[in-house]
Amino acid sequence: MRAQFPVCCRRSAVVFAVFLAVAAALSAAGWAAPPPPQSPQQAAPPAAAQKSFVIVGAGVADGSGSPLVHENVRVIGDRIARVGSFSPDPGEEVVHADGLVLAPGFIDTHNHSGPGLETDRLAESQISQGLTTLLLGQDGSSPWPIGEWLEKFRQDPAALNVMMLVGHATVRRLVMGDDFRRPARPEEVAQMTALVEQGMREGAVGLSSGLEYEVGSYSTTEEVVAMARVAGSYGGFYISHIRDEADRSFQAMHELLQIGRQGGLPVQNTHIKLGTVGVWYRAAEVAAMYDAARHAGQDVTADCYPYDAWHSNFKVLVPDKKYDDPASVSKAIEDVGGPQNLLITDFKPHPEYEGHTLEEAAKTRGITPTQLLIEIIRDGDGGVIGHTMTEQDMRVFYAQPWVMVSSDGGIGMKHPRGAGTYPRVLGRLVRQWHWLTLPEAIRRMTSLPAWRLKLRDRGLVKEGMVADLTLFNPQTVIDRSTFQEPQKLSEGIERVYVSGVLVWDHDHATGAKPGKVLPK
Ligand SMILES: [Zn+2]
């Protein structure tokens, strides 16, 4: 990488010059003018006619990380109107919340509910976790055109708020088609940057990549830098499933930092993990590396899901892509600690493998795990849950103040994180394991992601903020989803409000769909 540095710089400088020229031309044509700001408040009825209610008796975790305070919270319309020691007005609706905790609605910076929301606008598995805002378009993959997709959710909203990223691989496929197994040529990179610009102008809040996956893995760092720079110029950030989450994790993390520095934008190492034996127990080194970058002035954050197992396809296990080479495939299995750590979740040609480990399925067939893995990838690949991270590393990650909670889950997911992430953090990491205090865990789910996403009126229980709120029982809140029953809903999230409207009530969705497309 270092040897190529001057070349990369020159190339991206040329590309950027092309971009500037294109942008200037568009601007001259009047296309680059920002769309007129929308103000949803204007459409709302006047304050006097707005519904108001007061939540009384809850301990308020305001999202800042400060200790709980016992204060009443009044909501008028879609806003928090008052926080303090006051009595409800005569006749005003009162929500009694003794023994409960009131927090800002949870914000997930890595969510895969995009496809699920198409047919399930209520998103029960998400709102039942206390989630009120989802960032979609992850791992390099987004719908296209983004503006059209977002418009559908303005016309026919979901129960909760949605935000979108431009997917690096999506843009790469649009430009390169099926001929993507090579670095992009400069003129192709210029086309990609123009598409990133289009996505940002249509409402995306940043660029996502999945550099470990098939399409993204062939891109050079400078290609990603060129695209990231455009996202950054629109105020966006770069969130990446980095190029390697296994033996070469550290190189991949360095690349992330390089993309942030050269692209001039904030970066986030999403679902941060150390996924192979060779890098286990090195989370403190990762933290030290990112801390050093932060101290040097770089804006770098991470998000982490609270499980020691990932969910992906089998191909990601073989980083050298020698999918039919027994030596490479055997090493891949060894690197994750053995075939007993790999649970098959989907394999179309042999659905009977699903729910069994690679070890079990191979034994049933009377072949070696290596032979079976080669066969699975050859026959179209499948879904796999890899129990390949350590709890110790996860704990170190969660000890970092710049690591937020994310799910990497979503509607219909076959990993328990899809329905259980946020209650799991509150019930297990906070209440049972004491990894985090409750106010700090809430901060990692609310104001920290809100800050990252520049949602200036969300993420805090404070006068004037939007009333996205979650009310839960700190004694009982817990995830119920498991690897066997990943869809099981969580318990203990009592009420969830989006823009002041109740969307989740104890054990059911209310049917209300007040969700907005954010940030505008
Ligand atoms: Zn990912």
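One-based numbering, in listed order, for ligands and for the atoms of each.
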Exercise. In H241, what N, O or S atom is nearest to the Zn ion (ligand 1), if we give its atom name?
Worked result: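 H241's closest N, O or S atom to the Zn ion (ligand 1) is named ND1.
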Problem set entry | Identity of the N, O or S atom of D139 lying closest to the Zn ion (ligand 1) | OD1
Exercise. Can D178 and R173 be counted as an ion pair, charged N to O under 4.0 angstrom?
Worked result: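 Here D178 pairs with R173 in a salt bridge, since their nearest N and O are under 4.0 Å apart.
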For this session: Kindly confirm or rule out a cation-pi arrangement of R424 over Y307, judged by NZ or CZ under 6.0 Å from the six-membered ring centre and within 45° of its axis?
Result: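 Positive - R424 is close enough to the ring of Y307 and near enough to its axis.
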Exercise. Just checking, is any N or O donor in the side chain of Q251 or D244 under 3.5 Å from an acceptor N or O on the other one?
Worked result: no
Problem set entry | Audit row: Y290, T301, side-chain hydrogen bond (donor to acceptor under 3.5 Å, both in side chains) steps and yes/no | CA-CA 8 Å; Y290 283 154; T301 49; over 6 Å; no
Exercise. The Zn ion (ligand 1) to H271: any N/O/S contact under 2.8 Å?
Worked result: yes
